[in-house]
Amino acid sequence: MLLHSRIGQRFDALVTGIGDGGTWVRIFEPSAEGRRTGDFPELKVGQLLRVRGATIRVSSPASQ
């Protein structure tokens, strides 16, 4: 199923990174990673949480 058809749905997610650029989370089904936005309590890498798909921006690796 395409990700854009899942906007607004909730997903189980794992915090994969935290930095000045934001908090990064990975969802498992469908497999995807993205930046979590908004004002939230402090999170830790490895923490499990629920997220809602809001927007999708697809990028590809830089060509070599």
Side-chain angles (χ1 to χ4, degrees):
M1 178 178 277
L2 296 174
L3 283 174
H4 63 64
S5 65
R6 305 197 76 186
I7 291 176
Q9 289 186 350
R10 297 200 178 271
F11 302 92
D12 291 324
L14 174 72
V15 177
T16 58
I18 299 172
D20 293 338
T23 300
W24 293 87
V25 298
R26 174 170 294 282
I27 62 173
F28 306 105
E29 184 57 43
S31 181
E33 187 169 31
R35 186 168 54 94
R36 187 168 187 237
T37 58
D39 235 355
F40 301 100
E42 184 177 332
L43 298 170
K44 296 181 180 181
V45 172
Q47 184 174 343
L48 296 172
L49 63 150
R50 293 281 287 174
V51 296
R52 182 178 60 86
T55 61
I56 295 173
R57 185 177 337 154
V58 178
S59 61
S60 59
S63 53
Q64 297 181 5

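Because only heavy atoms are used, hydrogens play no part in the values below, and waters and symmetry mates are left out as well, while side chains stay in. Every value quoted in this text rests on a predicted model; they were computed, and no experiment measured them.
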Passing option when L14 is tested against V51, L48, V45 for side chain to side chain contact (heavy atoms under 4.5 Å, CB included):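 One option only clears the test, and that one is L48.
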Would W24 end up clustered with L49 when hydrophobic side chains under 4.5 Å apart are linked, directly or stepwise?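 As far as the 4.5 Å side-chain criterion goes, L49 and W24 are not connected within one cluster.
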Run the side chain to side chain contact (heavy atoms under 4.5 Å, CB included) test on T23 and R35 for me, step by step, so that the C-alpha distance in whole Å, both residues' side-chain angles and the decisive distance to 0.1 Å come before the verdict. CA-CA 6 Å; T23 300; R35 186 168 54 94; over 6 Å; no
R36: salt bridge (Lys or Arg N to Asp or Glu O under 4.0 Å) partners, not counting sequence neighbours: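 Scan of R36 (salt bridge (Lys or Arg N to Asp or Glu O under 4.0 Å), adjacent residues dropped) gives none.
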First locate atom CG of D12, then atom CD of E29, and finally report the distance between them rounded to the nearest 0.5 Å.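 Output value for this atom pair is 11.0 Å.
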For T16, run the side-chain hydrogen bond (donor to acceptor under 3.5 Å, both in side chains) check against R26, E33, Q47 and tell me which one passes.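 So the option named by the test is E33.
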Quick one: are F11 and R50 in side-chain contact, heavy atoms under 4.5 Å?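 No - every pair of side-chain heavy atoms lies 4.5 Å or more apart.
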